[in-house]
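This structure is a prediction, so every number in the text was calculated from the model and none was measured. Because only heavy atoms are used, hydrogens play no part in the values below, and waters and symmetry mates are left out as well, while side chains stay in.
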Amino acid sequence: MALTDENAVCGGCCTKITGLSVSIGQAPIVRDVNLHLHCGEFSVIMGPNGAGKTTLLRAIAGELPFTGEVLFHRFGDDAAAAQKIKPRIGYVPQRLEFDPAAPMTVEDLFALCLSARPRWLFRARASRQAAMDALAAVDAARLISKRVGHLSGGELQRVILSLALTPRPDILLLDEPVSGVDAFGLNLFYEMISKLRARYDLSIIMVSHDLPRSAKYADRLI
């Protein structure tokens, strides 16, 4: 998959992806991607299954080796300083594997994901407040004590999104985060993403097959 966006200009901050390529063995999966992502911008990547969309996101997130560059620039950075800055990235994968029968609450999930210390060593008040603050950002604070295995598809989506926003990223990557969500939930999700990018000035890249909603809410379709 070759993507190019050479004419964009950045505002207060931006991420420049230059010549990004990923190969598995001798097989090229993603080739020569060039993108200029702005702060506060919502971009949607579309394409058929097997086109390399997930591979591209995983490379940007640092989960796969790649050639090329991913550089984060802040307004006023000179070229030398910009090359030393790595963006903080939040990533929501296509699927989350967990045991739905496990007696784990949303609060427990936060404790496990955000610290290497065992759950029982936490100060309950501090850890609970951190989880509450993160969940409140996606209007899901009510889920703090609910078991993860009892969450609906839309509720789980919000919990995982709140984890990706903790700590606050410069770039938020969403890999088909709304699979299995009904039409009402889809509209709520797109509205929520639009509010988040405006509130936190995030660069958001989402993989989606939903052309009508993407065309309505996104700044760019890639």
Verdict with reasoning, Ile222 to Met46, per side-chain contact (heavy atoms from CB on, under 4.5 Å): CA-CA 6 Å; Ile222 301 169; Met46 309 195 80; over 6 Å; no
Considering non-hydrogen atoms only, spot the tightest contact between [X] and [Y] and give its length.
| X | Y | answer |
| --- | --- | --- |
| Gly19 | Asp32 | CA-OD1, 3.4 Å |
| Thr166 | Ala134 | OG1-CB, 3.2 Å |
| Met192 | Leu161 | CE-CD2, 3.5 Å |
| Ser208 | Val44 | CB-CG1, 3.8 Å |
| Ala59 | Val22 | CB-CG2, 3.8 Å |
| Val30 | Gly52 | CG2-O, 3.5 Å |

Quick one: pull up [atom1] in [X] and [atom2] in [Y] and give me the separation to the nearest 0.5 Å.
| X | Y | atom1 | atom2 | answer |
| --- | --- | --- | --- | --- |
| Leu172 | Ser203 | CG | OG | 9.5 Å |
| Ile45 | Leu221 | CD1 | CG | 11.0 Å |
| Glu63 | Leu173 | CD | CG | 9.5 Å |
| Arg31 | Leu56 | CZ | CG | 13.5 Å |

Under 4.5 Å between any side-chain heavy atoms of [X] and [Y], yes or no?
| X | Y | answer |
| --- | --- | --- |
| Thr54 | Leu57 | no |
| Pro177 | Phe189 | yes |
| Phe110 | Leu135 | yes |
| Asp170 | Leu202 | no |
| Leu196 | Leu165 | yes |
| Ile29 | Ser23 | no |
| Ile205 | Leu174 | no |

Counting only N and O atoms by type, is there a donor-acceptor contact under 3.5 Å from the side chain of [X] to the main-chain atoms of [Y]?
| X | Y | result |
| --- | --- | --- |
| Ser162 | Val138 | no |
| Lys53 | Pro48 | yes |
| Arg147 | Val106 | no |
| Arg158 | Ala140 | no |

Thr18/Asn34 under side chain to side chain donor-acceptor pair (under 3.5 Å): CA gap, chis, key distance, verdict: CA-CA 5 Å; Thr18 307; Asn34 299 282; 4.8 Å; no
Could I get the full list of side-chain hydrogen bond (donor to acceptor under 3.5 Å, both in side chains) partners for [X], not counting sequence neighbours?
| X | value |
| --- | --- |
| Thr55 | none |
| Asp133 | Gln129 |
| Lys146 | Glu155 |

Taking only residues at least two apart or on different chains, which pairs with a member in residues 201-222 satisfy ring-ring contact (aromatic ring centres under 6.0 Å, His included)? Tyr190-Tyr217
Sequence neighbours left out, what pairs pass salt bridge (charged side-chain N to carboxylate O under 4.0 Å, His left out) with at least one residue falling in residues 200-217? Asp210-Arg213
In terms of side-chain geometry, is the basic nitrogen of Asp219 or Arg197 positioned less than 4.0 Å from the acidic oxygen of its partner?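 Salt bridge: yes.
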Output all residues satisfying salt bridge (Lys or Arg N to Asp or Glu O under 4.0 Å) with Glu176, sequence neighbours left out; order by chain, then residue number. none
